[in-house]
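Let me begin by presenting the structure, written as structure tokens, before commenting on it.
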Amino acid sequence: MYKDSPFLDDRYDAVTIENRGKKFWEEKKVYQYDATRSRQDTFMIDTPPPTVSGSLHIGHIFSYTQTDVIARFQRMTGKTVFYPIGWDDNGLPTERRVQNYFNIACNPNLPYDPNFKPEHIENDKSPRKEVSRKNFIEACEILTNSDEKIFEDVFKNAGHSYDWNLKYTTIGNDTIKLSQESFIDLYEKGYIQSVEAPTMWDTTFQTAVAQAEVEDREVEGFFHDLKFKVEGSDDTFIISTTRPELLPACIGIVAHPDDERYKHLFGKKAIVPLFDIAVDIVPSEHAEIDKGTGIMMVCTFGDSADVAWWKKTGSPLKQIIDMDGRMMKVQYGTYPFDSLNPEKANQNYSQLVGLTTKQAKAKIVELLRADGTLQGEPRRIVHPVKFYEKGNLPLEFVSSRQWFIHLLPEKEAMVKAGREIGWKPAHMQHRFEEWALGLNQDWCISRQRFFGVPFPVWYPVNADGKTDYDHPILADRKQLPVDPAVDVPNGYKEEQRGCAGGFVADKDVMDTWATSALTPQIALDKAKNPNLSLPFDVRPQAHDIIRTWAFYTVAKALLHSKTIPWKEALISGFILDPDRKKMSKSKGNVITPQHLIDSYGADSVRYWAARARLGVDTAFEEQIMSQGKKLVNKIFNACKFVFNIVANSSLKEEANYAQYIQNPMDKSWLRKLSDSLEYATKSFNQYDYAAALDAIESRFWDFCDNYLEIVKSRAYSEDNTSAVASLMKTIDTFILAFAPFVPFIAEEVYQTRTWKKGDESVHNQNWPKVEDFEALQAGDSSLYDTVSMIASEIRKAKTAANKTQRTPVVKVEIEASEKLRSVLEMGKGDIENVGRLTPDALTFKEGKELKVLDVQLDMDFVPEPKKK
RNA sequence: GGGCGGUUAGCUCAGCUGGCUAGAGCAUCUCGUUUACACCGAGAGGGUCAGGAGUUCGAAUCUCUUACCGCCUACCA
């Protein structure tokens, strides 16, 4: 596949080289994980499965490449790398994309239509077609399959070294089975329970959401000052509320116990305007004296403080907001909707029924104004409101039955686990710990959605036709995976579904995190290798999902097997817009990863990613990719040059370099090289790939600018074996050291090396060893340093004189100590060559410090026109 | 309100446990066809290391403090 001769006449061409590399690696199965190796000899990566909903963006390539660089380094340390890849294709993002793409919606009540074929029509304005759950899931699968193919190509083009045999999907049967097993295991261990309770509810998607999926948004609202009367007196007080539409669900009035303004009211009852509900006025610590008017109403439910107060006091639940965010029908005069004047209450409430909360707010303000309750005009404020991160309407607290994993009692264990994990950068551990300590709700894992992992659960239906949620029937582990809507629990028949004395399925699906928190276990399941177990070596991920993915993965590993899931968490930064805002797809000028690979080459894009440190958000800077391209081009040309030198020398084959490298200058250079290699190796072992790249890259430019210039004429001379052997060793080292970062060019030059042909990939070779340089008797670096310095001074003199570097030098006077002078004598020939000194131009003067005192050029020199 | 990070050249960023005249790339300017490389080479200019105080023989680096930027978090009436 690779050419026999070096590419002496070629120019660097990324497309050719990268296609060749990709094909070679696939044929050679370079990235195949070796299951015969021990755990100790295996490096295990818990790769993040990207969400398959639309397209990859450059942030993916950025962080995934960083991981790939580490994977390639680890592979070169002689380990087999367990590097799976997965697609996160279940869950809401996929559903939304499928709905829009095929213009369909899921209606679980419809029967399956085997003839239905989803079709994508551009700008389809027709109403959304309703399809059965099974049809909907099939449509999801069609779209995710084609998206995944595109993702796969991009990752391969970027040179990522996953073992595609270990590919998994989060909606695949194996994953469903594992998620359901996880559920049953945690249920049996007592960590999971279904609870009927007020839960944060998204009215748009009509599903419960977990604390981790909630975000605050600053939105505009209005303070409405409402006058409340006190029962049996002429007393009144003013409440400032942003949610007057919750007035009908008022269950109490609270003020701070120390608030002098309201102390006299405690124990009395207030009359809720419009509905004439008599509610207790009680002291509560959670009321703040200087907020609003200091006195406020508690409704079911405005916020989580209301929920807490409601729970504490055992007050009745007055649910007035429906699952779809509209005002439900309620009857005043019947429990719990007590009223002193049910007729008036019902009359007022009837005007709200069926309205959205927003409409109801406007309506009730109208009523309050007419009623004289509203004092002055509503005052505009901006305040934080909780939203589901994917939703557009504020969350409501709605009471419903949901499955919860009890994490609150595990806080301490979670903190401890977080401390056992090595976070890179270290301060990311704070994020984890802060979140663990701040947790105030158990993990709600049920979602009222369709494209997800169903709960392996049914419920018995009593003789009276009522569903018994307190005695769920769990699937037998042997049955898994199950779809309770289709499958039947052991001991029942399909005919009993939905009948008295029979059973019904749990309709919900699991939170997508409940599945992705199992990625280590899913990957292990793929490997089917009993040698492997938790913890993995590393989990790469971004910092925005520490509270979700990282947190839940730690939780599940802890609850299932009392272990941490991985030894290290490598937290990547974000790519920011040039204006330092977080990059978002909605911003128009989308630069896709493939586009970047096409215009700069994969190696250059990888270089850009590898330059950024872990955890550091970086502005997107295309110039860095140009810099990468320059580097790759330079590697190509430097190798080409050295190949040429070697081909023209007497030493053409790989040999015992130590035997040949005798020139002190070469030994001195090899010391510099081994120093950089040592630093890079140390950095890599601490996952600091960026520092490793920096060390290797700067030494490489030093090599091209200085060492190569210094030795090249000696390398072409009669007595060239030391120089040639040194160059061979140098290039060998650079090829290997660059391989994790720029794998395509590394493979190309490795395969076309003139002095040794191998049929194995450079990526299965061993990382160069620092100890090897001892065997080469790498010398003291001072000779190389001083000669480089002198050469630089001579260049400066020529540049300052506006003369070409070919200009002969007739005198160089150097001040040096006796000791250094004897060192410099060893490099005399090289100095004369690189500076184009005339014989005897080099003179020394005794002195303490090294200095170039004088450089005199042959001012009469006229360069001959160069032959082309 | 609490926590965490950041502030170094016009731009993007390095500077490890305090130690040569604070670095790189890009950009700017000057020059140059050298046995690979014009996707090139040589060089120059450009910094009160956000401000202040302290520790020290010595601070970009350690301590305190102020300002600004960003992220996370918080019961949001």
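Just the heavy atoms: all of them, side chains too, but no hydrogens, waters or symmetry mates, feed the values below. The chains referred to below are lettered A, B, ... by the order of the sequence lines, with proteins before strands, and numbering in each begins at 1.
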Find the distance [X]:[atom1] to [N]:[atom2] and express it as a whole number of Å.
| X | N | atom1 | atom2 | value |
| --- | --- | --- | --- | --- |
| A:Tyr716 | B:rU34 | OH | P | 16 Å |
| A:Phe641 | B:rA36 | CZ | C1' | 5 Å |
| A:Asp617 | B:rU12 | CG | P | 14 Å |
| A:Phe636 | B:rC40 | CZ | P | 14 Å |
| A:Leu708 | B:rC37 | CG | C1' | 11 Å |
| A:Glu434 | B:rG2 | CD | P | 12 Å |
| A:Asp705 | B:rG41 | CG | P | 7 Å |
| A:Ile735 | B:rA36 | CD1 | P | 19 Å |

Base-pairing mate for [N] - Watson-Crick or G-U, with both contacts under 3.5 Å:
| N | answer |
| --- | --- |
| B:rU28 | B:rA44 |
| B:rC16 | none |
| B:rA22 | none |
| B:rU33 | none |
| B:rC4 | B:rG70 |
| B:rG58 | none |

Looking at [N], I'd like to know if its phosphate oxygens (OP1 or OP2) sit under 4.0 Å from a side-chain N or O belonging to [X].
| X | N | result |
| --- | --- | --- |
| A:Ser792 | B:rG43 | yes |
| A:Lys798 | B:rU34 | no |
| A:Arg547 | B:rU73 | yes |
| A:Thr799 | B:rC31 | no |
| A:Arg795 | B:rG32 | no |
| A:Lys386 | B:rC75 | yes |
| A:Arg11 | B:rC39 | yes |

[atom1] spacing across the pair [N] / [M], given as an integer number of angstrom:
| N | M | atom1 | value |
| --- | --- | --- | --- |
| B:rA9 | B:rG23 | P | 14 Å |
| B:rA24 | B:rG32 | C1' | 23 Å |
| B:rA27 | B:rA42 | P | 15 Å |
| B:rA59 | B:rG54 | C1' | 11 Å |
| B:rC57 | B:rC20 | C1' | 16 Å |
| B:rA22 | B:rG45 | P | 13 Å |
| B:rU56 | B:rG18 | C1' | 9 Å |
| B:rU48 | B:rC37 | C1' | 41 Å |

Any heavy-atom pair between the side chains of A:Ile281 and A:Phe237 that's under 4.5 Å?
yes
N/O donor-acceptor pair, side chain A:Lys629 with base B:rC39, under 3.5 angstrom
no
Any idea which of [options] is nearest the [X] side chain?
| X | options | value |
| --- | --- | --- |
| A:Glu621 | B:rC75, B:rA36, B:rC11 | B:rC11 |
| A:Tyr679 | B:rU34, B:rC16, B:rC75 | B:rC16 |
| A:Thr804 | B:rC71, B:rG32, B:rC13 | B:rG32 |
| A:Tyr12 | B:rC75, B:rU12, B:rC39 | B:rC39 |
| A:Arg836 | B:rU35, B:rU12, B:rA36 | B:rU35 |
| A:Asp216 | B:rA74, B:rG43, B:rU34 | B:rA74 |
| A:Ser304 | B:rA36, B:rC75, B:rC31 | B:rC75 |
| A:Lys630 | B:rC26, B:rU35, B:rA36 | B:rC26 |

Heavy-atom pair of closest approach, residues A:Thr618 and A:Ala612
OG1-CB, 3.8 Å
How close do A:Gly418 and A:Trp423 get, heavy atom to heavy atom, and via which atoms?
O-NE1, 2.8 Å
Set out, in order, the CA-CA distance, both residues' side-chain angles and the distance that settles ring pair (Phe, Tyr, Trp, His ring centres under 6.0 Å) for A:Phe551 and A:Phe432, then state yes or no.
CA-CA 7 Å; A:Phe551 190 78; A:Phe432 181 90; 5.6 Å; yes
May I ask you to check if A:Arg699 and A:Phe703 form a cation-pi contact, with NZ or CZ under 6.0 angstrom from the six-membered ring centre and within 45° of the axis?
no
Residue mapping more 5' on RNA chain B - nearest nucleotide basis, A:Met200 or A:Lys682
A:Lys682
With nearest nucleotide decided by heavy atoms, which residue, A:Ala800 or A:Gly294, maps closer to the 5′ end of RNA chain B?
A:Ala800
Taking the inter-plane angle between the rings of A:Trp443 and A:Tyr552 on a 0 to 90° scale, is it parallel (under 30°), tilted (30 to 60°) or perpendicular (over 60°)?
parallel
Centroid distance below 5.5 Å plus an interplanar angle below 30 degrees: do A:Trp435 and B:rC72 meet both conditions?
no
Would you mind classifying the nucleic acid contact of [X] as base, sugar-phosphate or nothing, using non-hydrogen atoms under 4.0 angstrom?
| X | answer |
| --- | --- |
| A:Trp701 | sugar-phosphate |
| A:Ser698 | nothing |
| A:Gln211 | sugar-phosphate |
| A:Gln627 | sugar-phosphate |
| A:Cys704 | base |
| A:Gln623 | sugar-phosphate |
| A:Lys796 | sugar-phosphate |

For A:Trp201 and A:Tyr388, I'd like to know if the aromatic rings sit close, meaning centre-to-centre distance below 6.0 Å.
no
Between A:His256 and A:Tyr262, does the ring centre distance come in under 6.0 Å?
no
Go through the steps for A:Ser726 and A:Tyr707 under the test side-chain hydrogen bond (donor to acceptor under 3.5 Å, both in side chains), then give the verdict.
CA-CA 10 Å; A:Ser726 167; A:Tyr707 180 66; 2.7 Å; yes
Stepwise ring pair (Phe, Tyr, Trp, His ring centres under 6.0 Å) check, A:Phe301 with A:Trp309
CA-CA 10 Å; A:Phe301 296 99; A:Trp309 194 85; over 10 Å; no
